[in-house]
Amino acid sequence: MKILEGLNDFQSKAVTTVEGPVLVVAGPGTGKTLTIVRRIAYLVEQGIKPEHILAVTFTNRAAREMCERTYALLGSRTQTIFIGTFHLLGITIMEHVSGHELLLYGRDEQLELIRSLTGLTSKKAFQLVEKISRIKNCIEGCDSTTREFFDLYEEARKDRKAYDLDDLLTIPIQLLQDKSDLEAFQFQYIMVDEYQDINPVQYKFIKTLGRKTQHICGVGDADQSIYAFRGSHLENFLNFTDDFPGTKQIALTHHYRSTEKILHASQRLIEHNQKRIGTSLSTIREEGVPITIVSLPDGHTECYAIIEEIEKRIGGTSHYMLMKRNISNHRGEISYRFSDFAVLVRTNGQATEIAESLKMSGIPFQRIGRITYSRNRELINHFQSMLSNLPETLDYSLLMKEMEKKGKIVPEDRELMENLFVAYGNASPREAIHAIIHEFMLRSSGDEFNSNADVVTVSTLHAAKGLEFRVVFIAGVEDGLIPFRTSQETVDMEEERRLFYVGMTRAKDELLLLYARERFLYGNRSIRLPSPFIQEIPEEYVQHIFVPERVKEKKSNQMELFS
DNA sequence: GGTGAAGTGGTTTTT
DNA sequence: CCACTTCACC
């Protein structure tokens, strides 16, 4: 197998530079995952033992993709390579040390514990749980009142022999420090995906794991750091070279996703940031069409414009459009599918508005977010209730059947569960159930983006990171939304600009930026101004459409927003 | 300690 | 607009 096949020079260099600290600067659409996967394969081909290789990610989605693609290259040799999230690594270390399965608390269990301890209202308790989590992740300090609750919680948690998700990071750091002879986790070659997003605790975790090796590879992009609010520390990435002396920095500069106009426009925008590693990207793609900036009278017409633009490209699905296409506008070939489109917004509230409009118009869509979380939660609860009265032996097929009656599992879960039952077939029922709970907590993704379904994607800008679409709409490109302003706190303009940059660079062929001049917000009609970031995109890359406020028109003209 | 009027603020999210 | 907090007053 040719490991360097199809790679460009920069990617090849990143793959073959394995000795000592390496920083791979991987902008959007530069083949980051491909490079990491080939690098893993390269290490194995060089004779490095698979169990000495570690690749950590933040999300299950990323871990799964990396794992599958590595498996496609290496087959069964992939199995002893640790490819997984920080949390999965953490619990693996903890269970290795303790020698048995651990009881893991998710947010719901934490909440229940806090409520039973304090009697707080559920909202207050939830805020406290979140605060405890931030404290454990060193995102914020601990004031004296919180301290009392914190200690109370910790004591009760230890009494119950339970661990929360944050413990999966903090405790392994202690374990690795105390037991310098944790041979199973003496990784020689460490790769950290999305290095720009690591928080202080994850940083310490990496530093501790990497004490005995020099071969640490950070992969990421300073321009896509968008999680400061949950503790991401961009400086870790920017200081990598000083932090690990002798670092070889390799930038992947060939861009494969967006047209030249979209790429150049987003590059010019992000160049307004100070905190970055200035690498310039060049695309292999054609010039493309200009970015369309649409000024609309209000939020409703914004939704309408999106629907109309989708229908225009798809050939029409509403009765109106179907009629129109059949009579006069048939193009013979439908060049776009619904799954080619994404609508990106700043807040979930906007996403709901867009989703409702799409529903009305009959356009199929999926929302990316944390919606499916509750289904996993239900399964976990079910398994946890089983732990209390376990039978001697467990008939898995019977169990599956029972749950399908009760309607507890949907077909998508079935496969995952069947695999799990096979995997844990030899374990005791208790062990198996524990393992399955972990599996659902730590390996099944809550975001559930289905890339196969032919539906339009509706997502926040944050949740769209890592995805790509032929046509991207960014709605609500207004001052106050992008950048998002609250009355109180000052905005981090660079962070907001990065978020907008992430949104723009999701687009392959077409990018449409929409803003309303007036919007119904919090019950008030408010006058809106376009986002200041629009000014930062040079005119040569854009075309403007101004949709005037609709004066009373004949019904037949209402469908056409653009002349 | 409990009630109602007045005041305030409203994002982003993984494991 | 709506959910929540604050504060004056009983």
Side-chain angles (χ1 to χ4, degrees), chain A residues 56-64 84-92 94 102 104-110 121-124 126-127 129-130 132-134 136-137 139 163-172 193-194 197-199 201-202 205 224-232 344-353 367-373 376-377 380 437-449 459-466 476 478 480-492 495-500 502-503 519-526:
Chain A
V56 265
T57 63
F58 279 83
T59 65
N60 290 310
R61 191 210 278 171
R64 200 187 318 115
T85 60
F86 278 97
H87 293 81
L88 187 66
L89 176 62
I91 199 162
T92 307
M94 286 163 70
L102 300 177
L104 191 54
Y105 270 18
R107 278 285 181 270
D108 284 24
E109 290 82 13
Q110 285 182 283
T121 62
S122 72
K123 188 160 189 183
K124 282 280 180 191
F126 186 77
Q127 284 169 353
V129 167
E130 293 287 315
I132 288 170
S133 175
R134 288 198 301 274
K136 286 195 179 188
N137 279 287
I139 295 165
Y163 299 91
D164 63 37
L165 287 160
D166 308 307
D167 295 329
L168 305 189
L169 303 179
T170 54
I171 295 175
D193 190 23
E194 306 276 17
D197 277 334
I198 59 177
N199 76 22
V201 173
Q202 285 156 335
F205 199 171
Q224 294 184 75
S225 171
I226 54 171
Y227 285 110
F229 72 92
R230 63 176 204 209
S232 300
L344 310 183
V345 290
R346 181 58 219 262
T347 68
N348 280 308
Q350 292 170 269
T352 304
E353 218 177 296
R367 269 186 80 168
I368 312 184
R370 23 210 276 105
I371 304 128
T372 52
Y373 169 80
N376 285 344
R377 188 70 254 164
I380 290 166
I437 291 171
H438 288 165
E439 200 78 21
F440 269 88
M441 275 194 178
L442 293 175
R443 275 202 214 265
S444 73
S445 64
D447 47 40
E448 198 93 356
F449 168 70
S459 168
T460 61
L461 289 163
H462 281 91
K465 191 173 168 188
E478 293 152 30
L481 280 172
I482 307 173
F484 193 92
R485 287 179 208 281
T486 56
S487 43
Q488 300 283 307
E489 287 163 45
T490 55
V491 280
D492 181 345
E495 174 97 352
E496 296 291 317
R497 191 180 282 110
R498 286 192 289 269
L499 188 56
F500 189 48
V502 165
R519 188 182 286 279
F520 220 74
L521 217 59
Y522 310 128
N524 291 316
R525 200 167 275 287
S526 72

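All chains are named by letter (A, B, ...) in the order of the sequence lines, taking the proteins before the strands, and each is independently numbered beginning at 1.
- If you check every strand for non-hydrogen atoms under 4.0 Å, Lys124(A) touches sugar and phosphate atoms only.
- Residue contacts shown for Phe229(A) include a base, since a base heavy atom lies under 4.0 Å away.
- One P atom belongs to dT11(B), the other to dC4(C), and the distance between them is 13 Å to the nearest Å.
- Residues passing the side-chain hydrogen bond (donor to acceptor under 3.5 Å, both in side chains) test with Ser526(A), sequence neighbours excluded: none.
- Taking Arg134(A) as the reference, Glu140(A) meet the side-chain hydrogen bond (donor to acceptor under 3.5 Å, both in side chains) condition, with sequence neighbours excluded.
- Aromatic ring centres of Phe58(A) and His87(A) lie farther apart than the 6.0 Å criterion allows.
- Across the protein-nucleic acid pair, Glu130(A) atom CD and dT14(B) atom P stand 12 Å apart, rounded to whole Å.
- Residues satisfying the side-chain hydrogen bond (donor to acceptor under 3.5 Å, both in side chains) test with Tyr105(A), not counting sequence neighbours, are Arg160(A).
- Phosphate proximity of dT14(B) to Asn60(A): absent, as no side-chain N or O sits under 4.0 Å from OP1 or OP2.
- Panel note: side chain Asp167(A), backbone Tyr163(A); no donor-acceptor pair is recorded below 3.5 Å.
- For Arg485(A), the side chain to side chain contact (heavy atoms under 4.5 Å, CB included) test picks out Asp479(A), Pro483(A), Val491(A), with sequence neighbours left out.
- Put simply, Thr460(A) has a side-chain N or O that comes within less than 4.0 Å of OP1 or OP2 on dT13(B).
- Between dT14(B) and Asn199(A), no contact under 4.0 Å exists linking OP1 or OP2 to a side-chain N or O.
- Between the P atom of dT15(B) and the CG atom of Leu89(A) lies a distance of 15 Å, rounded to the nearest Å.
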Just the table, please: protein N/O against nucleotides 7-10 of chain B N/O, every pair under 3.5 Å.
| from | atom 1 | to | atom 2 | distance (Å) |
| --- | --- | --- | --- | --- |
| dG9(B) | OP1 | Gln488(A) | NE2 | 2.8 |

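- Atom-to-atom, CG of Asp167(A) to P of dT14(B) comes out at 20 Å; the value is rounded to the nearest Å.
- A 4.0 Å heavy-atom criterion places the boundary nucleotides of DNA chain C facing chain A at dC1(C) to dT5(C), written 5' to 3'.
- Residues Thr59(A) and Glu194(A) form no side-chain contact, since every pair of their non-hydrogen atoms from C-beta on lies 4.5 Å or further apart.
- A straight line from OH of Tyr227(A) to P of dT14(B) spans 6 Å, rounded to a whole angstrom.
- Spacing between atom CG of Leu165(A) and atom C1' of dT13(B) amounts to 13 Å, rounded to whole angstrom units.
- Taken to the nearest 0.5 Å, the NE2 atom of His438(A) stands 10.0 Å off from the CG atom of Leu88(A).
- The pair Asp492(A)-Arg497(A) fails the salt-bridge criterion, with no side-chain N (NZ, NE, NH1 or NH2) lying under 4.0 Å from an Asp/Glu carboxylate O.
- With rounding to whole Å, Asp166(A) atom CG is found 18 Å from dT13(B) atom P.
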